[in-house]
**Student:** 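One structure follows; several queries about it will come next.
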2 protein chains.
Amino acid sequence: MTIGDPTTARSARAPLSRERVLDVAAGLADAEGLRAVTMRRVAGELGVEAMSLYHHVPGKDGLLGGLVDLVVAQVSDAVAADPAARGDAGGSGDWRVTVRARCLAARTVMLRHPWAPELIASRPTIPPGAFVLFEEVLGVMVRGGCSYWLAHKALHALGSMVLGFTQELFSPAGGDDGGGPGDAEEDLAAMAEALPYTTAMVASEMHDADDPTLGWCDSQSEFEFTLGLLLDGLARADEPGGLHRPGTAQGS
Amino acid sequence: MTIGDPTTARSARAPLSRERVLDVAAGLADAEGLRAVTMRRVAGELGVEAMSLYHHVPGKDGLLGGLVDLVVAQVSDAVAADPAARGDAGGSGDWRVTVRARCLAARTVMLRHPWAPELIASRPTIPPGAFVLFEEVLGVMVRGGCSYWLAHKALHALGSMVLGFTQELFSPAGGDDGGGPGDAEEDLAAMAEALPYTTAMVASEMHDADDPTLGWCDSQSEFEFTLGLLLDGLARADEPGGLHRPGTAQGS
DNA sequence: ACCTGAACACCGTTCAAGT
DNA sequence: ACCTGAACACCGTTCAAGT
């Protein structure tokens, strides 16, 4: 109970504002997951009654919307803080290095707030701030020589990657140690029989782990690999020989 | 209130089972979204009291887990019903056509249940049935000549695509007709100024819509395009000249 | 065995009331 | 203006009780 004790709540005595409400809500989600973000709980963290929140946030749904805006703003900040993502690393640069840096910046924010993709998926509309990010990517690509046709495709593909790549496929065990149905060795043998290819793959990947690429790094290298694959594929698709769209050259 | 009236509920008089509970819950989610899936609400649809559900499902969390299993099972069914996805379209086939068919099959299920990606993202663990699907993809790829290294990458990339591609980026308006702040033409002008590239892209894409590719089809063509990009990129990465992994050839 | 009613602890939200 | 207490309608879940 490191976050909910009265001392912490009392130390957070300040004028109370929309920003403070959202910050506390985000911290709560970071620490205990989205389900812990409750009007009464957030208020408790602020040393205040639940109904006080309604003066700074338009209800629970508005609070969740504010959390999404906060995440989008953090992506904007991360992009602004990275020269490569801003695109001023050199005038003659490939659009791919800029877009790549932007995707990596967005991903760091998603890793900081693992609840963000789930929350964004649960919302009915795309947050306004996201359109600004899309606009910037479009600008980088079009000025870099891409067609609108390709840039549109890129937004879909990259957006789905940034939002979908948080989940770990094969996390080490399922927290099943201690209460399992018996021998771990036995379970492994059963899995080897039921899922032979999966077992072989896990063994193969573990064997190759000479350098210390654990947890975050593993998923990170998958992400960067796929990102590179997509960017190169996109660049190739927009070339004369590529699978260009049926229409004319540029747009409008 | 087409789904909740007593007649419908009464017509659903049958022995009540785990399967019936999950089917009704899925139908409720299809019709009114995940938030409508409530123990009391599901019970009401079945013409029964909320507490009766506990005899067939281990609580709300178990019900949600059952919904995930149901979606996974539907993907398995869709795969089994498609000869191309089963891989028996011909012995000499490219692994890409099989994997592609499997991804398309999975996507049709996601389109049928738009709440599925959000639900899956909200769960702490990967459903057991999903590992069987992964295993099958692994088998197709490895028998097709891919390394485990590449197949692992493919699972990440394709999984994130299937789960992340449901959201529409630029849905026609935001349901803002009628109560907006004024002229639609004025709004468009404001957007053209704030988001020039986005405006140009939308105009360009609308201009090219000669053939009747609306709604579902648009998003579908983006999905298929990205899918093709990924599959071709993956195939290229595993070739001798590609960006192969640092280790040795195969695995283990 | 399967289903139920009452009850408990929680949730978002309204509203009249305080300061 | 900002915050509060009581209240309302909902939620998941427990438990003793019905059949």
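Below, read A as the first sequence line, B as the second, and so on, with proteins coming before strands; counting in each chain starts at 1.
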**Student:** Rounded off to whole Å, could you give me the CD-to-C1' distance for the B:Glu49 and C:dT4 pair?
**Tutor:**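 Taking CD of B:Glu49 and C1' of C:dT4, I get 7 Å after rounding.
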
**Student:** Given side chains that start at C-beta, do those of B:Leu70 and B:Asp23 come closer than 4.5 Å, heavy atoms only?
**Tutor:** yes

**Student:** Exactly one of A:Leu104, A:Leu230, A:Leu158 should register a side chain to side chain contact (heavy atoms under 4.5 Å, CB included) with A:Val99. Which one does?
**Tutor:** A:Leu158

**Student:** Between A:Glu136 and A:Ser76, is there a side-chain heavy-atom distance shorter than 4.5 Å?
**Tutor:** no

**Student:** Sugar-phosphate means primed atoms, P, OP1 and OP2; the rest is base. With that split, encode nucleotides 8-19 of chain D 5' to 3' as B, S or - using protein heavy atoms under 4.0 Å.
**Tutor:** ---BBBB-----

**Student:** My understanding is that a pair needs two contacts under 3.5 Å, Watson-Crick or G-U wobble. By that rule, which nucleotide pairs with D:dT4?
**Tutor:** C:dA16

**Student:** Taking A:Glu49 first and then A:Arg40, would you say they form a salt bridge - that is, a charged N and a carboxylate O separated by under 4.0 Å?
**Tutor:** no

**Student:** Tell me whether the guanidinium CZ or amine NZ of B:Arg107 lies under 6.0 angstrom from the six-membered ring centre of B:Phe165 and within 45° of its axis.
**Tutor:** no

**Student:** Between B:His55 and C:dT4, is there a contact of a side-chain N or O with OP1 or OP2 at under 4.0 Å?
**Tutor:** no

